[in-house]
Amino acid sequence: MKRLKRLFVLSHEWNVFLVLLIIISVSVLSWWMVKVHLEKEWNARLDSEIGSVQAVINREFFGYGQSLMDTRAFFQLAGIPTAKEYQDYVDSSQVLRRFPGLQGIGFAQKVEKDGVANLERAMRDQGFVDFKFWPEGERPLYTSITLIQPQDWRNKKAMGFDMYSDLTRQSAMDKALLGNLMAVSDPVVLVQDDQEEFQKGFLIYLPVTKTIDVSGEVEPKNMLLGFVYSVVRINRFFNGAFGVPQFYDEKVNYKITIYDQKMGRTIPIYERFPSKSEAKVLSDISVSREIKVFDKTWTIHFEPLPHFFNWYERYVPILFAFVTLVMLSVIFLALWSTQQFLKFSERHKASLSQLSKNKSEDIAMFRKLNTVKADLSSAIEGSSLFEKFCKHMESVFGIEDCVVFVREQKGPYEKRFQKKLNVFPDVLDIPHEFDEHLGEEVLATQGHAEAAQKALALVAPEVRKVLDQSSYYMSRTVMHESGKETSVLMILKGPKNLLDSEMKSYAVQRVVGQFTMSYDKAILLRRAEDANFMKSSFLANMSHEIRTPLGVIVGYSEILADDELESEDKEQIVKSIKRNGKELARLIDDILDISKVEAGKLHFEMAQVNLENLIQEIKSIMEVRASDKKIQFSTAKLSNVPSLVVTDDVRLKQILVNVVGNAIKFTEKGGVKLLYKTYSNDNGEQFLEFQVQDSGVGISEKGREMLFKPFSQADVSTTRKYGGTGLGLALSKRLAELLGGDLFLQESSVGKGSTFCLRIPLKDLEKKSFNVRPENNVVKVESALDDGPKREIDWGALDLKNLLAGSRILLVEDSEDNQEIFEHFLRSAGADVMIADDGEKAVDQAFRYNPDLILMDIQIPKFDGREATKRIRQKGFTRSVIALTAHALHEELQSCLEAGCNGQITKPVSGELLVQEVYFYLNHKV
């Protein structure tokens with residue numbers, strides 16, 4: 001018996017030690033698994049934060065680089081602009097608004113050593129009275145900051161500064177010039193901040209050359225015009241890209257350095273939270289990544305901040321040590337008491353079972369979450385997306401119902417989607433402090449969280465009363481719709497245990513966030529489809545409008561080939577061809593005008609205009625159109641208006657003809673009236689007001705939204721009945737705005753007619769002298785290079801058939817059809833014509849034929865007309881060279897003048913105008 005008892009005790013002791021060994025092994029294994037799991041999670045979270053930082057830096061510098069490339073292209077196309085032109089360009093590109101981290105974007109102009117005085121004089125003439133080139137000294141290259149935006153007090157301090165005088169800046173400029181690439185300098189103290197501490201920055205340079213040297217034989221400095229550059233203050237850049245540092249709102253700290261190979265040392269660039277602050281890292285986890293910033297390589301050292309870790313993660317090692325100690329203590333106590341050991345064993349078994357169960361539930365939740373996110377991301381339409389969202393929320397979380405509100409900019413929350421939940425109003429007018437308190441998380445409205453209570457205090461009482469009646473939850477996320485942040489608020493009705501674990505709260509928030517991203521994608525897709533539909537409609541309309549006159553021209557041209565055609569029929573056909581040709585040219589001019597307006601390159605000529613004469617011209621044009629439709633057109637003056645007004649009569653006439661023509665087109669019976677009077681606004685400003693009243697089809701409420709948009713009409717189907725491209729009213733409104741006024745629809749009723757109102761400001765004639773428009777029988781002509789007074793030629797007193805008698809004209813044109821047309825017009829006026837069909841023959845014939853004038857087509861074989869003109873001028877040809885081009889743009893004229901041309905004739909051109917232009921340049925030295 002004693003032996004059996006002893007054996008039992010011994011066996012029991014061995015069991016105890018065996019269990020102890022197993023527990024220790026399991027504890028160590030569990031501790032190791034938890035440690036590995038946590039480290040993986042930390043590294044994953046840290047990689048996510050690193051990816052976000054790198055993405056923002058790459059995006060910002062890509063934008064900086066793109067803006068510099070655009071600016072260089074602007075300089076190379078237009079030459080070095082004035083300060084006003086450069087300001088207009090920067091304002092139109094909106095680069096400073098899109099990239100708030102920029103201190104400025106400017107241009108450092110190359111200066112010859114002996115040209116400093118001329119530069120200072122030129123800049124002072126532009127209004128920079130204090131401009132001075134600095135600092136003095138000898139160096140291989142001289143540059144001077146001549147342009148910089150914005151023109152605030154800080155940037156003005158840098159005007160005239162030669163950045164090549166500083167070795168750090170010089171190194172970056174040399175690298176940019178030699179490689180023809182963007183180069184960024186090491187951190188420097190900016191000239192603008194020379195009196196401030198810790199205001200270092202860096203500069204990004206991109207060389208601007210006169211032309212592109214494909215041979216590589218020309219010294220880069222000889223081709224250099226200067227450098228476009230961006231000024232980036234380091235603190236401002238990071239604050240603009242990531243916001244002002246908020247220690248408790250950010251998860252990682254990062255420090256950016258760059259290695260200087262010449263000095264053999266590491267240069268610090270930026271540290272988000274300096275080490276002397278309270279940002280003390282509690283973990284040895286740190287990651288270094290390299291990022292390419294143009295020609296430099298930055299090294300970014302990432303370290304997690306204390307609140308990067310969840311609160312329980314810090315105590316996991318201590319907790320496991322404590323549990324292990326407790327288990328060891330219990331095991332040693334089990335040596336003295338078998339009963340205690342058995343009880344402890346049972347409790348331990350139950351604990352492990354529960355832990356396993358919890359982990360299994362979490363894993364299952366993650367799998368469901370991945371499935372839900374994948375399903376929501378595949379939705380491309382808003383209603384189907386909401387249906388999927390509701391289905392998943394019900395199946396995974398037990399959500400009974402939900403409603404979605406969206407706040408755009410500073411407006412109220414507006415209802416976008418709802419399932420069955422109709423107890424909430426369509427609009428929730430909640431202050432913006434509500435968004436700050438709620439944040440981007442899920443809160444129970446019946447909970448006691450401080451943030452939830454502060455948020456609910458801002459909700460209307462009737463809404464708060466509804467929220468108190470059931471288990472509602474509020475979740476808010478941010479949708480970046482069309483580049484702007486838009487708040488999305490969801491009110492969910494679900495079970496009381498919806499947020500009983502962090503895993504559930506996290507899962508609900510992720511599903512809501514995925515819904516928001518998919519909804520944003522659906523909005524962008526719908527807008528893309530709308531834009532594609534609008535483009536297709538416009539192309540169809542434009543094809544119809546262009547092919548209609550083109551078909552008439554082609555058809556009548558074939559009819560003219562009939563030898564048996566009567567002379568009267570030929571005359572009518574020729575008139576029809578001319579009329580349709582002018583209509584086609586007008587259509588192209590409208591397209592070019594709207595393009596110039598959108599680009600901000602439309603030129604205006606303000607002059608004194610006789611208002612009554614202008615009204616009579618419009619009346620004579622519109623009466624013909626009205627009579628063709630058998631309706632009435634009349635004009636009337638409603639109040640005393642001045643006889644002379646200051647405006648651009650060409651553009652004003654264009655607006656009125658467009659608006660009145662539109663009214664006549666859409667009026668089948670009744671008539672159209674053009675009324676004009678003076679108008680004063682509440683500020684006492686005087687305007688000249690035109691009202692165009694018609695009794696036509698009218699415009700619906702829906703049609704008014706599209707009325708003044710380019711390439712659109714109130715109803716696309718109207719083009720099938722009335723024709724038109726949708727350009728007229730859009731162009732007219734933009735022209736009215738550029739004249740300082742406005743064009744708008746005053747009133748309209750479907751089936752009864754419409755009234756359009758045009759207002760332009762009345763200028764004070766006594767304050768400034770303006771040009772006066774010539775009479776109808778006198779045409780004013782002026783050389784493009786002549787700054788003197790305009791010359792007047794009375795064409796009515798000249799014999800156009802012998803106007804060019806005795807003159808020798810060299811026509812440079814590669815199109816055989818154009819050769820025949822121009823030769824016919826010129827010979828009919830008495831000129832002797834020689835033809836060259838490429839640039840090489842043009843240079844040769846210019847000295848063999850010795851013409852009195854050269855008509856130079858710009859687009860010709862061998863080398864183009866500009867190059868041919870340059871070579872002719874270099875060889876000593878001093879007579880007039882007139883460019884022929886189909887490009888009706890101001891930039892084209894400038895490039896022709898710079899090549900040596902005296903003027904430009906835009907194709908197509910009538911025979912009469914061609915002869916008049918040639919006569920002018922033959923008889924006026926330019």
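Model, not experiment: these values are computed from the prediction. Because only heavy atoms are used, hydrogens play no part in the values below, and waters and symmetry mates are left out as well, while side chains stay in.
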Any side-chain heavy atom of [X] within less than 4.5 Å of one from [Y]?
X: F273; Y: V252; answer: no
X: C757; Y: F690; answer: no
X: P412; Y: I430; answer: no
X: K733; Y: D742; answer: yes
X: Y472; Y: L492; answer: no
X: K493; Y: S470; answer: yes
X: V692; Y: T755; answer: no
X: F515; Y: F386; answer: yes

Considering all heavy atoms, the nearest [X]-[Y] contact:
X: Y413; Y: S487; result: OH-CB, 3.3 Å
X: V90; Y: S93; result: O-OG, 2.9 Å
X: Q418; Y: V403; result: CB-CG2, 3.8 Å
X: P761; Y: G741; result: CD-N, 3.9 Å

Distance, nearest 0.5 Å, that separates [atom1] of [X] from [atom2] of [Y]:
X: L758; Y: Q691; atom1: CG; atom2: CD; result: 10.5 Å
X: C390; Y: I399; atom1: SG; atom2: CD1; result: 10.0 Å
X: Q103; Y: S230; atom1: CD; atom2: OG; result: 11.5 Å
X: E400; Y: C402; atom1: CD; atom2: SG; result: 11.5 Å
X: I300; Y: I291; atom1: CD1; atom2: CD1; result: 4.5 Å
X: N253; Y: R272; atom1: CG; atom2: CZ; result: 9.0 Å

Derivation of the side chain to side chain contact (heavy atoms under 4.5 Å, CB included) call for K665 and N662: CA-CA 5 Å; K665 180 171 67 173; N662 228 37; 3.7 Å; yes
Under a 3.5 Å distance rule, please check whether [X] uses its side chain to pair with a backbone N or O of [Y] as donor and acceptor.
X: E685; Y: N681; answer: no
X: S748; Y: I699; answer: yes
X: R759; Y: G740; answer: no

Test: [X] and [Y] ion pair at under 4.0 Å:
X: R45; Y: E41; answer: yes
X: R407; Y: E414; answer: no
X: K415; Y: D426; answer: yes
X: E737; Y: R734; answer: yes
X: K40; Y: D47; answer: no

Candidate pair M393 and V508, rule side chain to side chain contact (heavy atoms under 4.5 Å, CB included), full reasoning: CA-CA 8 Å; M393 292 296 284; V508 171; 4.2 Å; yes
Is the [X] ring parallel, tilted or perpendicular to the [Y] ring (thresholds 30°, 60°)?
X: F687; Y: Y679; value: tilted
X: Y270; Y: F238; value: parallel
X: F424; Y: F405; value: perpendicular

Steps toward side chain to side chain contact (heavy atoms under 4.5 Å, CB included) verdict (V404, L489): CA-CA 6 Å; V404 179; L489 174 66; over 6 Å; no
Which donor-acceptor pairs under 3.5 Å do the side chains of residues 49-65 make with protein atoms, sequence neighbours left out?
| from | atom 1 | to | atom 2 | distance (Å) |
| --- | --- | --- | --- | --- |
| S52 | OG | S48 | O | 3.0 |
| N58 | ND2 | Q54 | O | 3.2 |

Donor-acceptor side-chain pairing of S754 and D694 below 3.5 angstrom: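 D694 and S754 do not have a side-chain donor-acceptor pair below 3.5 Å.
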CA sep, side-chain torsions, deciding dist, call: V512, M490, side chain to side chain contact (heavy atoms under 4.5 Å, CB included): CA-CA 8 Å; V512 170; M490 284 193 182; 3.9 Å; yes
